[in-house]
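Counting starts at 1 for both ligands and their atoms, in listed order.
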Amino acid sequence: MKSLSTRTAGFTDSVIRRMTRISLKYGAVNLSQGFPDFEPPKPILDRLAEVAHEDFHQYSLTWGAQNFREALAKKQSALMGIPVNPDSEVVTTCGGTEAMMAAMMTLCNPGDKVAVFSPFYENYGADAILSGAEPVYIPLNPPSYSFDPEKLEDAFRAGAKVLILCNPSNPCGKVFTLEEMTVIANLAKKYDVYVVTDEVYEHIIYAPHKMVYMAALPGMKERTIVCGSLSKTYSLTGWRLGYTIAPAEITERIKKVHDFLTVGAAAPLQEAIVTGLKFGQDYYDDLTAKYTQKRDLMCRGLDSIGLAHNVPQGAYYIMVDFKDYIKKLNLQTDLEFAELLCQKVGVGMVPGSSFFKENINDYLRIHFAKKDETLNEALNRLSEIHQKL
Ligand code: GLN
């Protein structure tokens with residue numbers, strides 16, 4: 001038999017998804033793969049039930065149903081403070097994952113360099129490989145996750161064509177400040193670099209931190225491709241609804257890439273979510289309040305157990321420092337530790353090394369998009385870590 005594709009030969013499975021399987025195997029509370037265990041908003045579910053009996057069962061327009069794109073453009077335009085044209089600047093995708101892949105395929109030629117902040121969401125590495133690009137990494141230094149603008153400039157000077165910017169960041173919870181965003185924007189303009197933003201956690205930001213949209217900074221709309229998602233904002237990760245927002249010339253190309261990748265996102269789901277896209281500010285305020293309470297519950301719990309961690313500024317992940325345990329148990333990798341934690345303590349987390357380019361094996365990522373009872377159960381189990389490991 002001839003060999004399979006060279007391009008994909010180096011792929012491992014996603015460690016995030018693997019940890020879900022390992023959690024299931026040991027009956028652990030699964031705080032690895034980031035998805036909620038509470039219901040999406042009722043009005044969206046009610047609308048979904050109605051849609052089942054309406055005429056939304058065939059393909060929508062490949063780049064997204066008119067109704068969906070109009071509602072999305074209106075919402076995002078108000079949020080971002082820039083006009084968004086629903087016809088020429090928006091493509092509806094199958095989740096933020098497809099949005100990122102379509103953006104990369106649209107921008108990159110084989111051999112192009114793509115700059116990525118490390119730690120990074122693991123899909124970006126695979127996206128780079130699939131689009132033929134070569135990732136170059138700029139460290140976000142724990143525990144504050146700050147970066148050195150010199151290192152970013154080095155990457156741009158070395159010819160990076162694209163920067164992937166996850167803001168708020170998965171896994172480290174960093175929310176880039178206006179000053180940091182301005183530094184990045186100025187360098188992107190100076191070196192003619194495109195910025196692909198992953199903004200799927202845009203509504204999960206903790207006071208006093210604020211969302212700054214790269215596309216809204218002076219001179220940046222024309223070189224920014226926004227990748228967004230409805231998954232986290234409306235707690236429906238299984239619906240696989242995402243989008244890109246980009247200038248018309250770029251969007252024209254994304255539409256074609258997207259058409260050949262997936263034809264389109266699910267038509268009934270696009271229609272049902274329009275209800276959510278029209279929610280008032282109250283909904284988003286409640287979402288922020290809910291996640292703030294969960295973040296605080298988790299941080300306080302970890303503190304009382306004596307586990308060191310960062311305090312996220314946005315998104316719903318915490319990096320917990322387990323280096324003393326890893327050292328004490330004489331383990332080579334945090335991967336082994338994550339499995340042991342599932343088995344002996346009963347809590348599933350993602351090994352930090354799957355996010356870092358650097359050889360860092362000190363952290364595990366825990367997420368808190370779960371009911372309080374689930375979080376309390378995880379904390380209860382973790383409180384016995386000193387005896388069990
Ligand atoms: N974004 C989520 C995480 O980082 C879920 C990833 C996924 O499995 N699509 O855990």
Side-chain angles (χ1 to χ4, degrees), residues 11-24 28-38 40 93-104 116-127 130 140 145 164-175 196-205 226-243 261-262 265-266 269 287 291 294-295 298 310 312-320 334-335 338 341-342 347-357 363-370 374-375 378:
F11 274 11
T12 55
D13 59 337
S14 147
V15 179
I16 297 178
R17 265 89 75 193
R18 191 195 306 167
M19 286 315 299
T20 285
R21 293 193 295 275
I22 294 179
S23 299
L24 285 172
V29 180
N30 182 13
L31 299 185
S32 56
Q33 191 180 11
F35 62 90
D37 66 350
F38 40 84
T93 58
C94 300
T97 300
E98 195 223 337
M100 181 60 69
M101 193 67 245
M104 295 282 285
V116 180
F117 284 106
S118 165
F120 58 96
Y121 175 50
E122 61 176 8
N123 275 37
Y124 305 155
D127 292 338
L130 287 172
L140 290 174
Y145 297 100
I164 299 180
L165 180 68
C166 185
N167 184 37
S169 302
N170 178 4
C172 67
K174 179 182 176 67
V175 175
V196 176
T197 62
D198 177 344
E199 298 179 348
V200 309
Y201 302 97
E202 66 186 327
H203 287 289
I204 305 177
I205 300 212
V226 176
C227 297
S229 167
L230 293 295
S231 292
K232 274 71 183 184
T233 304
Y234 304 105
S235 310
L236 28 74
T237 59
W239 286 32
R240 313 308 304 127
L241 287 176
Y243 57 88
L261 277 176
T262 61
L269 302 182
L287 187 78
Y291 275 114
K294 289 184 185 300
R295 178 194 68 158
M298 209 61 197
N310 70 322
Q313 303 168 339
Y316 50 50
Y317 306 99
I318 301 174
M319 297 294 265
V320 187
D334 56 1
L335 223 102
L341 196 71
C342 274
V347 182
M349 305 188 196
V350 184
S353 61
S354 56
F355 304 103
F356 283 101
K357 173 62 184 163
Y363 306 97
L364 260 55
R365 189 197 76 172
I366 192 166
H367 90 90
F368 51 86
K370 292 285 187 245
T374 313
L375 299 178

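- Rounding to the nearest 0.5 Å places CG of Asn170 at 4.5 Å from CZ of Arg365.
- Once rounded to the nearest 0.5 Å, the distance linking OG of Ser32 with CG of Leu364 reads 10.0 Å.
- No part of Phe35 comes within 4.0 Å of ligand 1, judged by heavy-atom distances.
- Between Gly34 and ligand 1, a contact under 3.5 Å exists for at least one N or O pair.
- Taking the centre of each ring, Phe355 and Tyr317 stay at or above the 6.0 Å mark.
- Annotation: the span from Ser229 atom OG to Glu202 atom CD amounts to 9.0 Å, rounded to 0.5 Å.
- Remark: minimum distance from atom 6 (C) of ligand 1 to any protein heavy atom is reached at Tyr121 OH, 3.1 Å.
- Taking 4.0 Å as the cut-off, Tyr317 counts as a neighbour of ligand 1 on heavy-atom distance.
- Between Met298 and Arg295 there is no side-chain heavy-atom pair separated by less than 4.5 Å.
- The CD atom of Gln313 sits 8.5 Å away from atom OG of Ser169, with the distance rounded to the nearest 0.5 Å.
- The aromatic rings of Tyr121 and Tyr124 sit perpendicular to each other, their planes meeting at more than 60°, with 30° as the lower class boundary.
- Per-residue contacts place Tyr201 under 4.0 angstrom from the following atoms of ligand 1 (heavy atoms of the residue considered): 1 (N).
- Counting atoms of ligand 1 from 1 in the listed order, those under 4.0 Å from a heavy atom of Gln33 are 7 (C), 8 (O), 10 (O).
- A cation-pi arrangement is present between Lys370 and Phe35, with the terminal nitrogen or guanidinium carbon under 6.0 Å from the aromatic centre and inside a 45° cone about the axis.
- The shell of residues lying under 4.0 angstrom from ligand 1, judged by heavy atoms, includes Lys232.
- Neither the backbone nor the side chain of His367 comes within 4.0 Å of ligand 1, counting heavy atoms alone.
- The shortest contact between atom 7 (C) of ligand 1 and any protein heavy atom is with Arg17 NH1, 3.0 Å.
- Near Ile16, the atoms of ligand 1 lying under 4.0 angstrom from a non-hydrogen atom of the residue are 3 (C), 4 (O), 10 (O).
- Residue Phe355 does not touch ligand 1, judged by heavy-atom distances below 4.0 Å.
- At least one donor-acceptor pair under 3.5 Å links the side chain of Ser118 to the backbone N or O of Lys357.
- Under a 4.0 angstrom heavy-atom cut-off, Arg365 registers as being in contact with ligand 1.
- Contacts with ligand 1 closer than 4.0 Å are made by side-chain heavy atoms of Asn170 only, the backbone lying farther away.
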